[in-house]
Amino acid sequence: MKSLLTICLLATVSSAALADKLAIVGGKVFTGTAQGTLDAATVLIENNKIVSVNTSSSVPEGYTTIDASGKYVTPGLIGAYTQLGLVEVSSSAGTVDASVSSNPVSSTGAAFDVSYAVNPDSSLLAISRVEGITSAVSGISRSDGLFHGLGAVITLSGAADSILKPQAFTAVNVGNNGADSRGGSRAALWVMLNEAISEAMQVSDAAQLSPSSEWHGLNSRADIKALKPVVDGTTPLLMFADRAADIRQVIAFKQRYPKIRVVLVKGMEAWRVADELAAADIPVIIDPEFNLPGSFEQLGATLANASRLEEAGVMVAMGMETHNIRLATQHAGNAVAFGMSWESAMAALTVNPASIFGMSDQLGVLKKGAKADVVVWSGDPLEVTEAPEVVLIDGQQIDMTSRQIKLRDRYQQRAESGETSQYIR
Amino acid sequence: MTINLKQLSLTAACCCALLLSACADDKAEKAEQSPKVTIDKNPFPSQYTPLPGAPTVITGVTILDGIGNKIDNGMVYFADGKIAAVGESLDIPAGATVIDGTGKWVTPGIIDVHSHLGVYPNPSTHSHSDGNEMVKPVTANVWAEHSVWPQDPGFGRALAGGVTALQILPGSANLFGGRSVVLKNVPDRTMQEMKFPDAPYGLKMACGENPKRVYGKKGGPSTRMGNVAGYRQAWADAENYRRAWERYEADYDAGKNPTPPKRDLNLDTLMGVLKDEIRVHMHCYRADEMAVMMDVMKEFGYQIYSFQHGVEAYKIGDLLAENNVCSAMWADWWGFKMEAYDGIRENIPMVHEAGACAIVHSDSDLGIQRLNQEAAKAWSDGRRAGIDISQQEAWIWLSANPAKSLGIFDETGSLEVGKNADLVLWSANPFSTYARADKVYIDGGLAFDLSDPATWPVADFELGQVGEGDIK
């Protein structure tokens with residue numbers, strides 16, 4: 001019993017998949033820009049870019065139309081902090097590139113670079129993109145080093161070159177986890193971090209790093225090269241912390257090194273220092289559903305975190321998952337249930353992560369010139385009962401299929417026909 | 001009839017001898033019979049006392065009764081801890097508290113069959129890790145209730161999500177992980193004060209990766225075939241033990257003074273399963289393994305009441321239905337290990353459509369706070385795949401089926417007259433992300449009220465700490 005919906009969607013896909021000019025018409029459009037959210041708007045796409053978003057009901061000639069009446073249209077969602085492309089199965093199933101143990105090339109961990117590790121054929125990419133996630137920030141989740149290497153921004157299109165931005169950020173944990181592997185104390189961790197950062201700032205001449213020159217730094221030569229864009233403010237430094245006291249240290253760090261683009265990640269007690277974070281212009285990437293004291297650094301965890309940060313004027317991004325990055329919309333919806341505005345929750349999944357990683361001219365927005373990653377949803381994307389019906393990446397409608405959908409179809413057919421399962425495709 | 005005297009005297013002598021010997025034996029054994037040894041099946045009895053309640057009527061509310069019916073603009077009346085009436089229109093009894101349910105929904109309380117609250121509590125320090133007795137693969141002797149820390153803040157969070165009862169299971173490291181306990185979600189000082197009165201015990205068993213990973217280098221099992229050998233040997237030992245007790249009881253009842261079998265706490269539990277007093281809930285992901293376990297079940301004549309996780313249950317919905325085994329599932333978790341690689345979003349509705357008993361479970365201190373959303377996802381994913389299930393029917397996954405698998409459906413799990421007044425008043429349709437539990441009643445007592453912070457449980461651990469009494 002295939003639903004009519006599925007059949008309609010298939011029809012839509014086949015007629016529009018190859019069109020260069022697309023018009024998505026009649027939907028409620030969240031733009032992620034100053035245009036806000038528009039009712040019954042038209043999104044025009046040419047080749048792989050957005051041409052315009054307007055409320056005109058007429059479509060210029062030559063555009064193939066996708067009817068989005070009664071539906072929602074959003075930029076493709078961005079996984080704000082994931083390990084997509086770096087992991088297929090998390091445990092007991094072979095190499096996980098999101099986890100790095102020590103290696104002589106690096107003494108502080110800054111140099112490890114995931115742009116060499118991303119696999120565009122990972123099944124997680126198709127499974128996530130059919131759910132409206134079209135790009136993601138991907139980084140190392142576990143490292144023996146002080147820093148968690150260099151992360152990347154990737155597209156989920158599955159294209160051979162999936163890296164939208166290599167060496168897009170580096171990360172450091174300044175909570176319990178960071179302290180545990182740095183002598184077991186924040187008293188050691190922060191001194192090491194300050195030294196590593198200061199050292200990278202002091203190296204101004206590439207000759208200092210040549211193999212023929214002597215080097216006795218805390219960082220390896222490769223680490224220094226990796227930290228340069230961080231200390232000169234080109235790429236952000238993600239700092240993981242939950243406890244208010246640790247977050248105050250993060251704010252103090254930002255004051256010490258004002259050029260560094262500091263981003264707070266996890267931040268369960270961020271709401272307690274929300275005003276200071278806003279004043280220091282530090283954005284926060286959170287999972288708003290964390291509301292339990294998993295440790296003594298998370299005693300203040302609450303589902304009101306997101307709404308309190310919004311109220312203080314802190315930029316919030318969401319979407320910290322990997323296999324289930326598709327649940328970012330549910331996380332955001334629960335933030336709304338606990339007081340966040342719908343607009344800010346949508347921004348947390350789109351334009352805000354794009355801004356944090358310096359991609360907001362391309363990703364997370366529907367505006368002229370942006371990459372045409374667009375999703376047409378059956379209804380409010382933050383409702384758990386709604387889902388994408390059409391997903392465009394670079395202006396191309398993707399096949400709404402994945403290994404999970406194929407498994408479903410096989411076993412639905414098996415239940416009806418009783419055929420031998422492995423002959424059903 | 002001529003009586004042969006000689007014969008008579010012989011017979012009489014025989015009779016006398018027989019009688020005498022019988023009389024003598026009787027006297028001797030009666031005198032020597034030790035007190036009969038029996039096993040106390042309830043040494044940690046429930047001390048649960050319901051919260052005080054008042055006769056209450058909720059009016060103008062959308063009702064999902066939990067057994068497949070929906071009433072728009074209906075009324076629910078409960079008093080003395082029980083559901084007293086459910087319908088479109090009721091006479092409001094004098095003195096009853098009246099709650100305007102306009103725009104709101106009422107459902108039975110959610111029952112989570114898979115929780116580790118209390119045994120893996122928050123904060124999750126190593127000192128609190130009390131859910132897996134990882135010393136040998138067969139530990140049916142341990143009872144989760146002896147690890148439950150009632151001060152786990154997770155109980156209060158789950159309550160705010162509409163959970164009124166829950167099964168606390170040991171972890172899945174062992175082939176036999178130990179006994180489970182069913183609790184009412186009214187967090188108090190002691191486990192006994194939360195214990196669901198007279199709920200049957202469960203026994204946690206585990207398939208697949210976990211036991212072989214934990215014991216692979218500690219003497220085994222190190223393979224799935226090793227796992228199955230482990231279950232079968234344990235059941236065979238339990239059969240032996242049961243026969244020993246039956247022999248003891250038969251001999252004793254026959255007037256003998258037999259020596260009772262040596263108590264074995266591990267085999268006590270397994271024997272309880274063979275006598276259908278204790279219910280097996282088995283962690284199992286893969287379809288092929290579940291099929292093997294249902295054969296083991298038949299080999300030893302016990303019942304598996306639920307597979308836990310059943311990530312591949314959708315592949316064998318027909319077999320689950322045939323064998324009357326429930327599957328307790330997530331809506332969409334997958335990929336964290338190899339045996340979870342084939343998870344799909346339509347698992348729950350596909351199991352339901354196959355005519356098997358589907359349950360939404362959490363296995364998570366976060367997931368347990370929004371099981372209604374898990375059901376909503378599964379419901380909508382099913383519909384998109386052409387599986388047409390109504391919301392009122394889908395609620396069976398959250399209350400009735402869990403209650404049936406736990407053996408407490410006579411008391412709770414649906415809004416039927418005479419059952420415990422375990423119910424949730426939702427701010428909106430609970431299939432919406434934006435719905436919150438407005439009020440949660442357990443046995444008619446108001447256990448949580450969103451509008452009244454005084455009713456938000458604060459665990460001892462949270463007192464005097466950052467965030468005490470905050471909205472959570």
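Any value given below was found using the heavy atoms of this structure, including those in side chains, with hydrogens, waters and symmetry copies removed.
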Asker: Can you pull out the residues in residues 331-338 of chain A with any heavy atom less than 4.5 Å from chain B?
Answerer: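 Contacts with chain B: A:Gly333, A:Asn334, A:Val336, A:Ala337, A:Phe338.
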Asker: For residues A:Glu383 and B:Ser432, is any side-chain donor paired with an opposing acceptor at under 3.5 Å?
Answerer: yes
Asker: Roughly how far apart are A:Tyr411 OH and B:Ile316 CD1, rounded to 0.5 Å?
Answerer: 10.0 Å
Asker: What are the two closest heavy atoms between A:Ala301 and B:Lys472, and how far apart are they?
Answerer: O-NZ, 3.5 Å
Asker: With respect to chain B, which residue among A:Ala415, A:Ala387, A:Ser421 yields the maximal number of heavy-atom pairs within a distance under 4.5 Å?
Answerer: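 Of the candidates given, the most pairs with chain B belong to A:Ala387.
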Asker: Got a sec: does the CD of A:Glu311 have more than 12 other heavy atoms crowding it under 6.0 Å?
Answerer: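 Incorrect, the count does not exceed 12.
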Asker: Indicate whether any N or O donor in one side chain lies under 3.5 Å from an N or O acceptor in the other, for B:Tyr434 and A:Asp380.
Answerer: yes
Asker: Does a side chain donor of either A:Gln412 or B:Tyr314 reach within less than 3.5 Å of an acceptor in the other side chain?
Answerer: no
Asker: Pick from B:Pro153, B:Gly154, B:Ala354: which one has the most heavy-atom pairs with chain A under 4.5 Å?
Answerer: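 Heavy-atom pairs under 4.5 Å are most numerous for B:Pro153.
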Asker: Answer yes or no: is there an ion pair linking B:Asp332 with A:Arg326, defined by an N-O contact shorter than 4.0 Å?
Answerer: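 So B:Asp332 does not pair with A:Arg326 through a salt bridge.
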Asker: With respect to chain B, which residue among A:Arg410, A:Gln298, A:Arg308 yields the maximal number of heavy-atom pairs within a distance under 4.5 Å?
Answerer: A:Arg308
Asker: For B:Phe431, check ring-ring contact (aromatic ring centres under 6.0 Å, His included) against everything at least two apart and list the hits.
Answerer: B:Trp379
Asker: About how many Å separate CZ of B:Arg345 and CD of A:Gln404, when rounded to the nearest 0.5 Å?
Answerer: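 If we round to the nearest 0.5 Å, A:Gln404:CD and B:Arg345:CZ are 8.5 Å apart.
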Asker: Write down the atom of A:Glu269, the atom of B:Val466, and the distance for their closest heavy-atom approach.
Answerer: OE2-CG1, 3.8 Å
Asker: Pick whichever of A:Ser402, A:Gly300, A:Gly294 has the most heavy-atom pairs under 4.5 Å with chain B.
Answerer: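 Greatest number of close heavy-atom pairs with chain B: A:Gly294.
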Asker: Can you confirm whether A:Lys406 is buried at NZ, in the sense that more than 12 heavy atoms of other residues, nucleotides or ligands lie under 6.0 Å from that atom?
Answerer: no
Asker: Heavy atom to heavy atom, less than 4.5 Å: which residues from residues 365-372 of chain B reach chain A?
Answerer: B:Asp365, B:Leu366, B:Gln369, B:Arg370
Asker: Mind ranking A:Leu299, A:Thr385, A:Ile405 by heavy-atom pairs under 4.5 Å with chain B and telling me who comes out on top?
Answerer: A:Thr385
Asker: Check whether any side-chain heavy atom of B:Glu374 sits under 4.5 Å from a side-chain heavy atom of A:Gln330, and report yes or no.
Answerer: yes
Asker: Using a cut-off of under 4.5 Å for heavy-atom pairs, which of A:Thr302, A:Leu382, A:Asn291 has the most such pairs with chain B?
Answerer: A:Asn291
Asker: Heavy atoms, side chains only, cut-off 4.5 Å: are B:Arg157 and A:Leu292 in contact?
Answerer: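 B:Arg157 reaches A:Leu292 side chain to side chain.
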Asker: Picking from B:Ala378, B:Ala340, B:Gly467, B:Ser380, which has the most non-hydrogen pairs under 4.5 angstrom with chain A?
Answerer: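 Greatest number of close heavy-atom pairs with chain A: B:Ser380.
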Asker: Less than 4.0 Å between a side-chain N and a carboxylate O, is that true for A:Arg408 and B:Asp342?
Answerer: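 No, no charged N to carboxylate O under 4.0 Å.
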Asker: Which bit of A:Arg243 is near chain B, if near means a heavy-atom gap under 4.5 Å: side chain, backbone, both or neither?
Answerer: neither
Asker: If contact means a heavy atom pair closer than 4.5 Å, which residues of residues 89-99 of chain A contact chain B?
Answerer: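 Under the 4.5 Å heavy-atom cut-off, A:Val89, A:Ser90, A:Ser91, A:Ser92, A:Ala93 qualify.
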Asker: Measure A:Glu297 against the heavy atoms of chain B and call it side chain, backbone, both or neither at under 4.5 Å.
Answerer: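 No part of it gets close to chain B.
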Asker: Based on non-hydrogen pairs under 4.5 Å, which of B:Ser124, B:Ala331, B:Pro123, B:Ala435 is most in contact with chain A?
Answerer: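 Most heavy-atom pairs within the cutoff with chain A belong to B:Pro123.
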Asker: Determine the option with the most heavy-atom pairs under 4.5 angstrom with chain A, choosing from B:Met350, B:Gln465, B:Lys377, B:Arg436.
Answerer: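 Greatest number of close heavy-atom pairs with chain A: B:Arg436.
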Asker: From B:Glu346 CD over to A:Leu407 CG, what is the distance, rounded to the nearest 0.5 angstrom?
Answerer: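 Here the rounded value is 10.0 Å.
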Asker: Can you tell which of A:Arg414, A:Glu289, A:Glu386 has the highest number of heavy-atom pairs within less than 4.5 Å of chain B?
Answerer: A:Glu289
Asker: Apply side chain to side chain contact (heavy atoms under 4.5 Å, CB included) to residues B:Trp330 and A:Asn324 and explain how you reach the verdict.
Answerer: CA-CA 12 Å; B:Trp330 295 293; A:Asn324 265 342; over 6 Å; no
Asker: Any heavy-atom pair between the side chains of B:Phe336 and A:His323 that's under 4.5 Å?
Answerer: no
